[in-house]
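See structure below.
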2 protein chains.
Amino acid sequence: MNAKTNSSYHHGNLKEELISESLKMVESGGIASITLRELTNRLGTSRTALYRHFVSKEELLQEVIQAGFEKLDTYVFSTLDSDLDLTLKLHDVGKAYIDFAIKNPNLYRMIFGHELKEQREENCDINEREDAPGFHKLVDIIIDAQNANILKKDDAFMQATVMWSMLHGLSNLLIDGHVHIVDNIDTLFELSFKTLISGIALDLSE
Amino acid sequence: MNAKTNSSYHHGNLKEELISESLKMVESGGIASITLRELTNRLGTSRTALYRHFVSKEELLQEVIQAGFEKLDTYVFSTLDSDLDLTLKLHDVGKAYIDFAIKNPNLYRMIFGHELKEQREENCDINEREDAPGFHKLVDIIIDAQNANILKKDDAFMQATVMWSMLHGLSNLLIDGHVHIVDNIDTLFELSFKTLISGIALDLSE
DNA sequence: TATTTAAAGTTGACAATGTTAACATATAAT
DNA sequence: ATTATATGTTAACATTGTCAACTTTAAATA
């Protein structure tokens, strides 16, 4: 606010405000609601002001997506109780992940969306989420659980991917309305997690 | 072809050709590549000809999505060997599902996409995929497996949803490039399926 | 069969969107 | 103090989906 009133021409920190305002717009109206006119109107600049900070709308959205991933990672891991049993840790990570998706469906859809195909072709390395800090935290928990003889000593990387698949799939099905057990989301998650840990097969102590 | 050459003005079966041509366009270039100009150019009509068959582009895409779902269901279940062991049946269903997503990433993204928000608000019943025939076939296999003492006698509907979550999540992660174990897709699926069936926990015969 | 009616297709225009080029202004550097 | 650079503005453009008015063919009715 002060930056705006001080100098009416130069905005001050337009780049960051473009990102944060875009974040607000996605969360409330979805990615399609981010139009350059509306976005710059909200910040009191002209429609093309953002081209001094981003090469295109695409690049802006890219940074919004990165900010969104950071919000997800923070939400999932920052509130994690470090004294917990390792199985409970995995449980709470999963629960927080689903919670985030349900609370921020539009943002979740955007960060995992595919509208960034072109840029993905170029920066082919940076886009694999496996390199994300959040994913590695999950892998670490799984390794700990393996060492504590809680989980099978398989490839921890793959086990983490399996868990992530489950969380990602459940999140998408829920926020896109393909599953209408809305009042039973908790039950559905608990069964999913239980399945992840112990499977759905009869326990024949093989 | 004959319909076109016979009467140059009236197209004949424009509606169905619009849908099938749109299907081709999604598969090759993604949903964003379906532009009314390009679509109608391919069929040799004017840009607005489709408004005699669909109320909007949105409605056309809706029907394309429905056709896409039918393709998915057919692919997953039509080649299923009915003599198979029930666990193998589940395995093959899952494998076919992933295969379809990998072979038709753009189509898969479209049918599970969210660009149909407005219409979904109205036809709130029809859009839950749980009502789809494919999902019910999966539930039936699971019920059979329960009766054969292969699976735990939990809620079959939920078990099917858990399996679907895993498949959907894995499909999305793979086709969106979040997992770069491209040469190990089979291994990843096998571990996922094994996890679904027997979990990742140590077998302590609890 | 002749005439009317409805269905299907076309044309031209419109508003909204992202983008660019040319210009304007403020800040930083010399 | 002057120059150079960063930042912001304005006007225009092509592309998109959509609509209104018109044309042409097929169907219905007399």
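All values below were derived from every heavy atom in this structure, side-chain atoms included, with hydrogens, water molecules and symmetry-related copies excluded. Everything quoted here is computed from the prediction, not taken from an experiment. Each chain gets a letter, A, B and so on, in the order its sequence line appears, and its residues count up from 1.
- With distances taken from any side-chain atom of B:His53 to the nucleotides D:dG17, C:dT19, C:dG9, the minimum falls on C:dG9.
- Each of B:Leu86, B:Thr87, B:Asp85 was scored for a side-chain contact (heavy atoms from CB on, under 4.5 Å) with B:Lys89, with one residue passing: B:Leu86.
- When each of A:Leu138, A:Leu84, A:Leu196 is paired with A:Leu90, the side-chain contact (heavy atoms from CB on, under 4.5 Å) condition holds for A:Leu138 and for no other.
- Nearest heavy atom pair, residue A:Lys153 against residue A:Gln146, reads CE-O, 3.3 Å.
- Donor-acceptor pairing under 3.5 Å, judged by distance alone, is absent between the side chain of A:Ser56 and the base of C:dT19.
- Distance alone, capped at 3.5 Å, places no donor-acceptor pair between the B:Gln159 side chain and the A:Thr195 backbone.
- The distance between atom CG of B:Leu14 and atom P of D:dA26, rounded to the nearest whole Å, is 15 Å.
- What separates CZ of B:Arg37 from P of C:dT17 is a distance of 16 Å, to the nearest Å.
- Rounded to 10 degrees, the angle separating the terminal helix axes of the helix from C:dT1-D:dA30 to C:dT30-D:dA1, each built from five base pairs, is 0°.
- If you look at B:Phe69 and B:Phe112, their ring centroids are closer than 6.0 Å.
- Of the N and O atoms on the side chains of B:His136 and B:Asp140, not one donor lies less than 3.5 Å from an acceptor on the other residue.
- B:Arg47 contributes no side-chain N or O that forms a donor-acceptor pair with the base of D:dT15 under 3.5 Å.
- A donor N or O paired with an acceptor N or O is found under 3.5 Å between the base of C:dT10 and the side-chain atoms of B:Arg52.
- Between B:Lys57 atom NZ and D:dC19 atom C1' the separation is 17 Å, expressed in whole Å.
- Atom CG in B:Leu43 sits about 11 Å away from atom P in C:dG9, given to the nearest Å.
- Which of D:dA12, D:dT16, C:dT10 sits closest to the side chain of B:Thr35 comes down to D:dT16.
- To the nearest angstrom, P of C:dT20 lies 11 Å from CG of A:Leu50.
- The distance between atom CD of B:Glu17 and atom C1' of C:dA8, rounded to the nearest whole Å, is 14 Å.
- Between B:Leu18 atom CG and D:dG17 atom P there is a gap of 13 Å when expressed in whole angstrom units.
- Distance from the side chain of B:Ala49 is smallest to C:dT10 among C:dA8, C:dT20, C:dT10.
- Checking the phosphate oxygens (OP1, OP2) of C:dT20, no side-chain nitrogen or oxygen of A:Tyr51 falls inside 4.0 Å.
- Classification of the B:His91-B:Phe193 ring pair by plane angle, with boundaries at 30° and 60°, yields perpendicular.
- Remark: P of C:dT17 and CD1 of A:Ile31 are 15 Å apart, rounded to the nearest angstrom.
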